[in-house]
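What follows is a single structure, written as structure tokens, with notes after it.
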Number of protein chains: 2
Amino acid sequence: MKHIADSTVRRLSAYLRFLEDFEHRGLTTISSDELAKQGGTTSAQVRKDLSFFGSFGKRGLGYSVPELSGRLREILGLSQHWRVIIIGAGKIGAALAQYRGFRQRGFSIVAAYDNNPEKIGRTLEGIPVRDIAQIEHDIQREAPEIAVLTVPAEAAQPMLDRLVRAGIHAILNFAPTQLQAPPEVTVKTVNMAMELEGLSFALTNRE
Amino acid sequence: MKHIADSTVRRLSAYLRFLEDFEHRGLTTISSDELAKQGGTTSAQVRKDLSFFGSFGKRGLGYSVPELSGRLREILGLSQHWRVIIIGAGKIGAALAQYRGFRQRGFSIVAAYDNNPEKIGRTLEGIPVRDIAQIEHDIQREAPEIAVLTVPAEAAQPMLDRLVRAGIHAILNFAPTQLQAPPEVTVKTVNMAMELEGLSFALTNRE
DNA sequence: TTTAACTTGTGAATGAATTCACAAGCGCAT
DNA sequence: ATGCGCTTGTGAATTCATTCACAAGTTAAA
């Protein structure tokens, strides 16, 4: 398949959210223009994004809301369940563990891991906290697909290497550091410091 | 000034992090190539990024670490302090309140706000939780520059409007929703659901 | 059946970001 | 002083992403 840009995938994800809203309100069709207005983009962009995957609309009418949302879920891989593990049972890990958006979209958090003996054996928002020492064993046994990394910056790269060796192919990183991973592993980084600095730049450099 | 792309600002922010590392280790000069390797980019990209703001390097030698990091801090607006308020004293708010990266970079969290009477008057990681009803009054009095929005999705847009009317120009949004704001207001959104869906897409569509 | 009002899907055009490639400058060794 | 090895700064070339613009398809009304 032709390479799909990251920005395109993000927009698909946004479209799906609006479609679910529409579905909820009982509407059956939607035009690229309405979708665009919601997502802060243009109708041509919406149609182009969708055209990478097929043609789902009806000329003169628009898109069927249930059909398009179904297709988007397929495209994004949301028609299957993904098992998620959280590495690092700190505050951020806890905030994520209770975040309802995960389960709503087919991501189930199976366990959290930490190296602090006081945390191991307890639960984090109902999710068991296990010893990080057993991570390789658990990955082999339970085959989670996605790992969320909420460890201190200096521990992030070694932990990523360890997860990759154990067979993880998708990582959501919250440590404020640039990570290296082999090409078959996808890493997304959420860096709050970077976002804040973007705001600082905008505040400083506006005329 | 010429318009600077968002991607450029993000990279500058990454460069600064490495420079601080280098500074810490007592190194005095660095080449665009070393900076690039750390940041997962190319030396030409590093030089182009910096060239928008001046020429800071010495041919044949590279960049002075303390000088370049100082210049980047200026460019990013980090030589001044920014006051931050957190709107929504839930789990994410708490995780952010204790995040050390903020203070380290000159962002000080002055207060959190909530509408839950059980939370108002208490503290969140040492930060006072105040009644959201007094937000306009406080903004006028304390003039915070940045608001972090950690409220439920459906409350985000009305709250943004309220903050903008009260004089806020920079918003870091954690609600999983697309927000509309006037052009003089900068909004950055951190959307975990979107990142996860990006991983789901990558897992699904790899050959 | 014809017409009018819409809306899609998509090549072509434009615009933006990245990479190339090289002249020019700097430091060190000889 | 001269030459060599290294690195910057930057126009030009290229690649990537977005927007334009319109033929073709659909519905509904007359």
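The figures here come from the full heavy-atom set of this structure, side chains too, leaving out hydrogens, waters and symmetry mates. From a predicted model like this one, the values you see are computed outputs, not experimental measurements.
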Which nucleotide, C:dA17, C:dT18, C:dG9, lies nearest any side-chain atom of A:Tyr63? C:dG9
A:Arg71 CZ to C:dG9 C1', in whole Å, measures 15 Å
For B:Phe56, report the nucleic acid contact type (base, sugar-phosphate, nothing); a contact means any heavy atom under 4.0 Å. sugar-phosphate
Test log, rule salt bridge (Lys or Arg N to Asp or Glu O under 4.0 Å), inputs A:Glu136 and A:Arg141: CA-CA 9 Å; A:Glu136 284 85 1; A:Arg141 193 164 48 91; over 6 Å; no
Nearest to the side chain of B:Lys58 - C:dT7, C:dG27, D:dA17? C:dG27
Ring center gap for A:Phe18 and A:Tyr15 short of 6.0 angstrom: no
Under 3.5 Å, is there an N or O donor on one side and an acceptor on the other linking the side chain of B:Arg59 and the base of D:dT7? no
Is A:Gln45 near enough to D:dA17 that one of its side-chain N or O atoms lies under 4.0 angstrom from OP1 or OP2? no
Is the distance from OP1 or OP2 of D:dT8 to the nearest side-chain N or O of B:Ser55 less than 4.0 Å? no
Do the charged groups of A:Asp33 and A:Lys37 touch, with an N to O distance under 4.0 Å? yes
Can you tell me how far P of C:dC28 sits from CG of B:Leu61, to the nearest Å? 8 Å
Does the side chain of A:Thr42 get closer than 4.0 angstrom to OP1 or OP2 of D:dT19 through an N or O atom? yes
Could you go through the salt bridge (Lys or Arg N to Asp or Glu O under 4.0 Å) check for B:Arg10 and B:Asp49 one step at a time? CA-CA 10 Å; B:Arg10 299 179 73 82; B:Asp49 286 341; over 6 Å; no
Return the value, rounded to whole Å, for the distance between atom CZ of A:Arg11 and atom C1' of D:dT19. 12 Å
What's A:Thr8 touching, base or sugar-phosphate or nothing? Going by heavy atoms closer than 4.0 Å. nothing
Whole angstrom value for the distance that separates P of D:dT19 from CG of A:Asp33: 13 Å
Starting at atom CD1 of A:Ile4, determine the distance to atom P of D:dT18, rounded to an integer number of angstrom. 12 Å
B:Gly60 or B:Ala44: which one's nearest nucleotide on DNA chain C is closer to the 5' end? B:Ala44
When you get a sec, tell me which of D:dA17, D:dA21, D:dG9 is the closest nucleotide to the side chain of A:Arg47? D:dA21
For A:Asp6 and C:dA16, give me the distance from atom CG to atom C1', rounded to whole Å. 17 Å
To the nearest angstrom, how far is B:Lys2 atom NZ from C:dA16 atom P? 9 Å
Under 4.0 Å between a Lys/Arg side-chain N and an Asp/Glu carboxylate O for A:Glu197 and B:Arg73? no
How is B:Ser43 classified with respect to the nucleic acid when contacts are heavy atoms under 4.0 Å: base, sugar-phosphate, or nothing? nothing
Pairing of B:Asp6 and B:Lys188 as salt bridge, 4.0 angstrom limit: yes
Would you indicate, yes or no, if C:dG9 has its OP1 or OP2 atom less than 4.0 angstrom from a side-chain nitrogen or oxygen of A:Ser51? no
Kindly point out which of D:dT18, D:dA21, D:dT19 is positioned nearest to the side chain of A:Lys48? D:dT19
For A:Phe52 and C:dG11, what is the distance between atoms CZ and C1' respectively, to the nearest whole Å? 13 Å
Of A:Ala5 and B:Ser31, the one whose closest nucleotide on DNA chain D sits nearer the 5' end is B:Ser31
